[in-house]
Structures are given as structure tokens and as C-alpha cells.
Amino acid sequence: MSDLREVYAELLARQPENQVEVRLDATRRAAELLGNVHTAAPVIHIAGTNGKSSTARMIDSLLTAHDLRVGRFTSPHLASVTERISVDSEPVSEQDFVRIYREIEPYLQMVDAELAREGRARLTFFEALTVLAFAVFADAPVDVVVLEAGLGGEWDATNVADGQVCVFTPISVDHAALLGDSPAQIARTKAGILDRHTAEGSAPLVAVGEQPEEALAALAERIESAGLTAVYAGTGFGLLARERAVDGQLISVQTAAGRYEDLLLPVHGLHQAGNAALAIAAVELFLTGGERALDRELVGDGLAAVTTPGRLEVVRRAPTVVLDAAHNPSGAAGLAAALGDAFHFSTTIGVLAVFRDKDVHGLLGSLVEAFDRVIVTRSLSPRALQPAELEELALQWWDDENVIAEPDMEAALVRAVHEAQATGDEAGAGIVVTGSVSTVAEARALLKGEV
């Protein structure tokens, strides 16, 4: 049997996921040829700009605590492509990933051939991976699928599924060339996941997280015009209280149907507390239609089991090293707020590598008050800014003596530890690695080797 590396190489040979085909018919055709695998289990569909993966993991954990078998599809991955397709809260095994891919490969090739005859691009990386995820979930089988949209929503490959519950995490400007340059435009595209309905023809229930005013108005307009039932953060559900706890926070959440107090959430940040409230509201809609509260003990068990790799993840102490995959201004602002709220470092040293197609100045502006010093470098991604280019931009935000350029991630991490030690308060200093998922993934791999 071919191994995972061969299969992944074949997937990567397809059009990359940042080059989107605006269509749904190709993914739907492949899923239908496989016996409508996209309808094998009810779906909770998640769209938004920031917090999608964290919210998906929280929903997964809450459903698992309710004794349901959950399939979860998220993107991108940190270390292995198998992380994107999860069953029972664990990445699908390499053996199953490869086996099921080889089983569906002839059908993918059939669709590729049909598309070629029409003069159209063959299935993209993300389209093929989405079909593979549905096939894995049907093979398991799972009781429910937690499905994270990739880019947008209206024409995202995941939108071939009919969401029984649709969830919107915070929306902000990102991927502007594809989605639009305002929160309202982007919200209208992401609201496209509402255009499809469940197999029985019933309309989806909707949970909407905290939103900028412009995005909220666009979502509400689409929801109301479709006559859908929705709960909104701040009116239908929300945080009642939160306080710092060891390795996380204690939160209390109010929904229309229930009150959930003193829940341990083992991740930091107000934005993550908001994601947890949204996850509870979504699961309440899925399991009870929003008419009854969930079991408080099961909700507590579910949240306590949450993990969010690469999101405010502490991977080392003395000095403390935090990894966070913030890659746009809104995500960076959430990171900056969480650092002040949860860590209180005596000195904070940022290690930063970003993609050239991002709002780099916006990201730097969100981090300038949080980082005393910044070490700029590059990740291995071909989309990464060169250190010299990023250094030039960073010097517009930090003084010369507080910007250091290093040629690669390994050198940047070594320099960051040296800088932390040089403060004379190694135990109180913090190193924060951020800028993209690629940045965090590379740093995470290096730090496992104790760089």
C-alpha cells in the first residue's frame, strides 16, 4: 500500500488551496459518485475569519462528552495532513487516510476527466481533501460532522453539505482579493452556507458569534430574509463571567435555554472564552433545538477536555514560549489582549514570520504594544516574506534596537532564548511565536527537539 507521503504528494500536485475555483458542482459530483457521502451524517457547519478551528474543536469535545461519535474537518494543519480529518477527537490514522484515498481515487479521476472535457480545472487540493473527509466519516461511521469552511462559504467546497446548524465565528477582513475588502462583503460571502438546507428540506438553525457591526448587519439581513431561527452573541447567549485559572480560565455562560457556571476552559484569552460560549450555543441548538439546557456536568467535561494546538499554546517554560497562529490584524489583536490578560511577562519577545499576501502593517500594529522586542524571520512557505523585507516594515513600528532579523526559524528561536536570558529574568520573560500557521508549525517542530 502506498504510504502517506505519496498520497499527500499527489494531493499537493493539485491546484493549491489558496487558488480557489468558484464552484460547488465538482465537489458535489465526486461526493454523489461515492454514494452521497456528504449526507451520511448531520452537519454542524462553521464559517468565519478567526476562531473557526478552535470553535470546531470545542464543539467536537462537547458532542463527544454527550456520547456521540464525531467527525471533524478543519484546516490548515500543523504537522500532518491527517490532522485535518478527525474521528473520535483524534486525527484519522495514516493507514485509514491512505486506504480510503486509494478507494476513492478512481472516482476523483473520473470527475477530473469530466472537468477536463469541459475545459475546466480538475479537482483542487481542497476539493479532493473535502471529498476524502466525507468518505472517511462515512466509513467510520460518525454520528455528526463538525465541518469548518475553508475560504468564504458560498462557493467553498464544504458547502455541498447541508448544515443542520450553521455557526459564524468573528468575521474580519482577510483574503480580501477573493472575498472582498469590507466585513460586510466578506460576511455576505460566508453567509452562503445558509443557502443550502438539510436533506429533509428543513432550514438550518444559526448561532452567530461576536461580530463587527457591519458584518453583523449583513449576516442578520441574510438570516432574516431566509426566515431562519438564530441566536446572537450578546442577546441570545454570552459570557456572564470569566476569571484566570491555572493553565486556562473559569467561565460562566448564559444561553436562551440554560446557565452554565464555573466551567474550566483550559485555553487562554477572552476571544477563546467567546468561542466557548458560541460552541455551547451551537451544541444546544443541535441537540435540543435551543429549547432545553444541556447537562451541566457534560458541558463541563466537554470543555475541560478541549485542546487547541498552535493557539495560545505554551510549549516551554523558563523562558515561557507561546505559539499562536494569528495571521491577520484581528487575530493578532486577540493574541495581544490574551498576553496581557493571562501571562503578564516582564519582557515579551516576539518571533514573527508572515505571508506577503497578508495585511502585514495591520498585524504589526496589533502587536506593537504587546512585544517589547521583535525577531523577524521567515517560515519555509514560499509565500513568506523575506526577513529583510519584514525587518523594514517592523522598523516602522519598533525602535531600531528592538528589531532583529534572523535568516530562518531555528536561528530566530535560538536568538529569542538568548534575548530572554539576557534580561536577567528568564523565568518572567516570554517568547511569542506568531504570524501564520506555517510559522507556528515550523517552530513547534523545532521546539520538540529542544532548540
Side-chain angles (χ1 to χ4, degrees), residues 48-62 74 78 169-170 172 209-210 233 238-253 260-280 299-352 363 366-367 369-372 416 420 427-437 439-441 443-444 447:
T49 305
N50 292 308
K52 288 183 295 183
S53 292
S54 293
T55 303
R57 296 179 74 93
M58 292 173 187
I59 291 173
D60 180 340
S61 193
L62 288 166
T74 56
L78 287 172
T169 66
S172 61
E210 291 283 353
L239 284 173
L240 292 174
R242 60 183 289 267
E243 61 181 273
R244 186 178 179 184
V246 177
D247 294 327
Q249 52 193 315
L250 284 177
I251 64 171
S252 296
V253 173
Y260 308 91
E261 297 185 327
D262 298 326
L263 304 169
L264 174 62
L265 180 65
V267 291
H268 298 286
L270 176 60
H271 61 298
Q272 292 287 22
N275 291 337
L278 177 59
I280 292 170
V299 171
D301 290 345
L303 282 192
V306 166
T307 59
T308 55
R311 278 78 179 174
L312 286 166
E313 181 184 15
V314 177
V315 293
R316 178 174 169 169
R317 297 286 188 182
T320 298
V321 180
V322 179
L323 307 180
D324 192 87
H327 58 274
N328 56 42
S330 294
L335 166 60
L339 292 174
D341 176 62
F343 292 97
H344 307 294
F345 295 132
S346 56
T347 301
T348 304
I349 300 161
V351 174
L352 189 65
L363 190 147
S366 295
L367 294 173
E369 296 299 326
F371 292 168
D372 299 293
I431 297 169
V432 181
V433 184
T434 191
S436 74
V437 173
T439 301
V440 165
R444 201 167 187 262
L447 288 163

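The structure displayed is predicted, hence computed values, not measured ones. These values consider heavy atoms only, across backbone and side chains, with no hydrogens, waters or symmetry-generated copies.
The distance from the CD1 atom of Ile349 to the CG atom of Asp372 is 8.0 Å, given to the nearest 0.5 Å. Atom CE of Met58 is separated from atom CG of Leu278 by 9.5 Å, given to the nearest 0.5 angstrom. The CG atom of Asn275 sits 11.5 Å away from the CD1 atom of Ile280 when rounded to the nearest 0.5 Å. Here CD1 of Ile431 is found 10.5 Å from CG of Leu323. Values are rounded to the nearest 0.5 Å. Atom OG1 of residue Thr55 and atom CD of residue Gln272 lie 7.5 Å apart, to the nearest 0.5 angstrom.
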Please walk me through it: do Val432 and Leu367 pass side chain to side chain contact (heavy atoms under 4.5 Å, CB included)?
CA-CA 11 Å; Val432 181; Leu367 294 173; over 6 Å; no
Please report the C-alpha distance between Asn50 and His271 in whole Å, then the side-chain angles of each, then the deciding distance to 0.1 Å, and finally whether the side chain to side chain contact (heavy atoms under 4.5 Å, CB included) criterion is met.
CA-CA 9 Å; Asn50 292 308; His271 61 298; over 6 Å; no
After noting the C-alpha distance and the side-chain angles of Leu62 and Val299, does the key distance pass the side chain to side chain contact (heavy atoms under 4.5 Å, CB included) rule?
CA-CA 6 Å; Leu62 288 166; Val299 171; 4.0 Å; yes
Is there a side chain to side chain contact (heavy atoms under 4.5 Å, CB included) between Ser252 and Asp262 once you walk through the steps?
CA-CA 5 Å; Ser252 296; Asp262 298 326; 4.0 Å; yes
For residues 301-311, which side-chain donor-acceptor pairs fall under 3.5 Å, sequence neighbours excluded?
unit_1 : atom_1 : unit_2 : atom_2 : d
Thr307 : OG1    : Arg57  : NH2    : 2.9
Thr308 : OG1    : Arg311 : O      : 3.4
Arg311 : NH1    : Pro309 : O      : 3.2

List the atom pairs, donor and acceptor, that lie under 3.5 Å between side-chain atoms in residues 331-344 and the rest of the protein, sequence neighbours left out.
unit_1 : atom_1 : unit_2 : atom_2 : d
Asp341 : OD2    : Arg242 : NH2    : 2.7
His344 : ND1    : Gly340 : O      : 3.1
His344 : NE2    : Arg244 : NH1    : 3.4
His344 : NE2    : Asp341 : O      : 3.3

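Closest of all the heavy-atom pairs between Thr49 and Lys52 is O-CE, 4.4 Å. Residue Thr74 comes nearest to Ser53 through the heavy atom pair CB-OG, 4.0 Å, listed as atom of the first residue, atom of the second, then distance. Contact record, Val437 with Ala325: CG2-CB, 3.7 Å, taken as the closest heavy-atom pair. Scanning all heavy atoms of the two residues, the minimum distance from Ala326 to Thr434 falls at O-OG1, 3.4 Å. Counting all heavy atoms, side chain and backbone alike, Leu352 lies closest to Gly435 at CD1-CA, 4.0 Å. The two residues Asn328 and Leu363 make their nearest non-hydrogen contact at N-CD1, 3.8 Å.
Without hydrogens or angle criteria, Gln249 side chain to Gly269 main chain gives a donor-acceptor distance under 3.5 Å. Of the possible polar contacts, none joining the Glu313 side chain to the Asp324 backbone as a donor-acceptor pair under 3.5 Å is found. Using modelled atom types, no side-chain atom of Thr348 and backbone atom of Gly430 make a donor-acceptor pair closer than 3.5 Å. When atom types are taken as modelled, the side chain of Ser330 and the backbone of Ser172 share no donor-acceptor pair closer than 3.5 angstrom.
Results of the side-chain contact (heavy atoms from CB on, under 4.5 Å) test with Val315 over Val433, Val440, Thr320, Val321 single out Val321 as the only residue that passes.
With contacts defined as side-chain heavy-atom distances shorter than 4.5 Å, the pair Leu270/Leu239 qualifies. Residues Leu312 and Val322 have side chains in contact (heavy-atom distance under 4.5 Å, counting atoms from C-beta outward).
Legend: residues meeting salt bridge (Lys or Arg N to Asp or Glu O under 4.0 Å) with Glu261, ordered by chain and number and at least two apart, are Arg259.
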